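A quick write-up on the structure given underneath.
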2 protein chains.
Amino acid sequence: MPKIVDHDRYRKELLNQCLALFAAQGYGSITMRQIAQGLGVSTGTLYHYFPSKESILEQLVQDLCEQGITDFFAQAPPAERVGDRLRIVIEFFLAHYRFYQQQLLLWVDFHQHSQRKGTERQAFLQRFWQRTHAQLVAYLQLPNPAHVDFVLVFMDGLLLQCLYERGEAEADWVTQQTELLIALLDSA
Amino acid sequence: MPKIVDHDRYRKELLNQCLALFAAQGYGSITMRQIAQGLGVSTGTLYHYFPSKESILEQLVQDLCEQGITDFFAQAPPAERVGDRLRIVIEFFLAHYRFYQQQLLLWVDFHQHSQRKGTERQAFLQRFWQRTHAQLVAYLQLPNPAHVDFVLVFMDGLLLQCLYERGEAEADWVTQQTELLIALLDSA
DNA sequence: TTATTTATAACATACGTTCGTTATGCGTTT
DNA sequence: AAACGCATAACGAACGTATGTTATAAATAA
């Protein structure tokens, strides 16, 4: 009967590709035609898989929230010393730097979008952060759970600062700052 | 001859009001009609003061960069102890919290906008950060200048985390995190 | 065939921008 | 002083285009 296409699987593939597109242009500035072109399909195909532009954004956010940081814990080795565990987390974070930067930009878009629509609560975004926080608390085993928030704040700030185009010295600067964080938290 | 209106002065007033509008909706999502309505003028008047939508964004960014943090140093009292100076900076930052949050959102928009246009016109943004950094180094007199970057990263991360809707406990959480920062830097 | 995927063109609307017009107030002329 | 001219300020309708979306038909595989 139909073509051999796993509808749901292909939809998720397209979703993942949308992240980079949204992050590069912003939700409001990008057009459906540009999205379709970026995905290598036509607008008709795009609308075959997604009912609207708005739906792409919402599905993408939901997808990222569900995925969460499970792929980190899927391969996170345990470590005895606190500083080592902290380093493992940050190494993983740095290894997926561009991804988290894109995710940050998407959340800014989503924040503005949901604020505009008046649809107040984005329950799963809040749940996402609670879950992330709880999982990191369990893994890191820091003496003070507030330190976990501090690490998350640091990571977000790092992503943001690097948007402001630090140029060639960016990599060195990032390692310098992360070492500083580890040193500060380790001595405390 | 004309009506009694200081053209340049009025334009800057409009610019300042635009910050909140851009931050709430995003540059790509907001329309000139919405901007005009938000400013309480007609679209014709809006175009009398700004040649294009793009120009509003660019003038706004440039204006904010020029202003910089001079209004902080205009009233920043000196303090002997390092922790006190750090506290003064952060108190000022928290007092103007919403403003810096809006500025953050604007910079995200500007980043995407200039990346889209391909033109690397982020020169003054880079200069802005260098200037900010240098001024803060001079004021704070921290033993390690890298700590100043660390403070800036922390502030950006704080702004970002609070976009993700922390709800009622936000204020307490912010003070907790800032106290943590001060404690960590003071003991180092 | 038949059901599903894809592509193209068409549609209604919303967008950024322009235009013609009117209102306003100071300088000039009488 | 009064009347006029003139340049700015303000407005809102109108314009051309681009947008999100839909309709339609070809292509594909069972």
Side-chain angles (χ1 to χ4, degrees), chain A residues 1-19 21-61 106 109-110 112-114 116-119, chain B residues 1-19 21-61 106 109-110 112-114 116-119:
Chain A
M1 309 205 256
K3 250 188 179 177
I4 308 179
V5 170
D6 188 335
H7 191 94
D8 225 52
R9 180 103 185 121
Y10 191 43
R11 202 201 67 225
K12 291 212 169 186
E13 276 181 35
L14 294 177
L15 258 190
N16 286 342
Q17 292 189 71
C18 282
L19 176 59
L21 297 173
F22 278 134
Q25 292 235 24
Y27 172 75
S29 295
I30 204 170
T31 73
M32 287 299 265
R33 282 167 240 272
Q34 286 175 305
I35 295 174
Q37 187 178 341
L39 297 177
V41 300
S42 67
T43 62
T45 301
L46 191 53
Y47 272 93
H48 180 68
Y49 288 96
F50 304 98
S52 67
K53 186 185 178 187
E54 188 181 30
S55 171
I56 299 179
L57 175 63
E58 291 168 354
Q59 286 190 41
L60 185 51
V61 171
L106 187 76
D109 268 333
F110 184 68
Q112 290 171 332
H113 175 75
S114 52
R116 178 151 73 105
K117 292 210 53 180
T119 61
Chain B
M1 308 151 152
K3 259 190 182 175
I4 307 180
V5 170
D6 186 334
H7 191 94
D8 226 52
R9 180 109 188 114
Y10 191 45
R11 201 199 70 228
K12 293 212 168 183
E13 277 181 33
L14 293 179
L15 259 190
N16 286 340
Q17 294 188 69
C18 282
L19 175 59
L21 296 173
F22 278 133
Q25 293 235 24
Y27 172 76
S29 295
I30 204 170
T31 72
M32 287 299 264
R33 282 168 241 271
Q34 286 175 304
I35 295 173
Q37 187 178 341
L39 297 176
V41 301
S42 66
T43 62
T45 301
L46 190 54
Y47 273 92
H48 180 67
Y49 287 96
F50 303 98
S52 66
K53 186 186 178 186
E54 187 181 31
S55 171
I56 300 180
L57 175 63
E58 290 168 355
Q59 286 190 41
L60 185 50
V61 171
L106 188 77
D109 268 333
F110 183 69
Q112 291 172 331
H113 176 73
S114 52
R116 180 150 74 107
K117 293 208 55 178
T119 59

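First the proteins, then the strands, lettered A, B, ... as listed; each starts at 1. Bear in mind that the values here come from a model prediction, so they are computed numbers and not experimental data. In what follows, every heavy atom counts, from backbone to side chain, and hydrogens, waters and symmetry copies are set aside.
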K12(B) and Q59(B): CA distance, side-chain angles, deciding distance, side chain to side chain contact (heavy atoms under 4.5 Å, CB included) verdict:
CA-CA 9 Å; K12(B) 293 212 168 183; Q59(B) 286 190 41; over 6 Å; no
Stepwise side chain to side chain contact (heavy atoms under 4.5 Å, CB included) test for N16(A) and E13(A):
CA-CA 5 Å; N16(A) 286 342; E13(A) 276 181 35; 5.8 Å; no
Could you check how far [atom1] of [X] sits from [atom2] of [N], rounded to whole Å?
X      : N       : atom1 : atom2 : answer
Q25(A) : dT19(D) : CD    : P     : 10 Å
D6(A)  : dT4(C)  : CG    : C1'   : 13 Å
R11(A) : dT5(C)  : CZ    : C1'   : 16 Å
K53(B) : dT18(C) : NZ    : C1'   : 17 Å
F50(B) : dG16(C) : CZ    : C1'   : 16 Å
L46(B) : dG12(D) : CG    : P     : 14 Å
Q34(B) : dG16(C) : CD    : C1'   : 13 Å
Q37(B) : dC11(D) : CD    : C1'   : 15 Å

Closest to the [X] side chain, choosing from [options]:
X      : options                   : value
Y49(B) : dT6(C), dA10(D), dG16(C)  : dA10(D)
T43(A) : dT17(C), dT5(C), dT21(D)  : dT21(D)
R33(A) : dG20(D), dG16(C), dA9(D)  : dG20(D)
Y47(A) : dG20(D), dT5(C), dT17(C)  : dG20(D)
T31(B) : dT17(C), dT19(D), dG16(C) : dG16(C)
S52(A) : dT6(C), dT21(D), dC11(D)  : dT21(D)
M32(B) : dG16(C), dA10(D), dG20(D) : dG16(C)

Could you pull out the closest heavy-atom pair between S29(B) and G28(A), with the gap in Å?
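Smallest heavy-atom distance, with atoms named: OG-CA, 3.4 Å.
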Identify the heavy atoms of G26(B) and D109(B) that sit nearest to each other, and give their distance.
CA-OD2, 3.3 Å
For [N], does OP1 or OP2 lie under 4.0 Å from any side-chain N or O of [X]?
X      : N       : result
H7(A)  : dT5(C)  : yes
S42(B) : dG12(D) : no
H48(B) : dA9(D)  : yes

For a quick check of understanding: with a heavy-atom distance under 4.0 Å over all strands, which category does I30(B) fall into, base, sugar-phosphate or nothing?
sugar-phosphate
Give the ring-plane orientation class for Y10(A) versus Y49(A), where under 30° counts as parallel, over 60° as perpendicular and anything between as tilted.
perpendicular
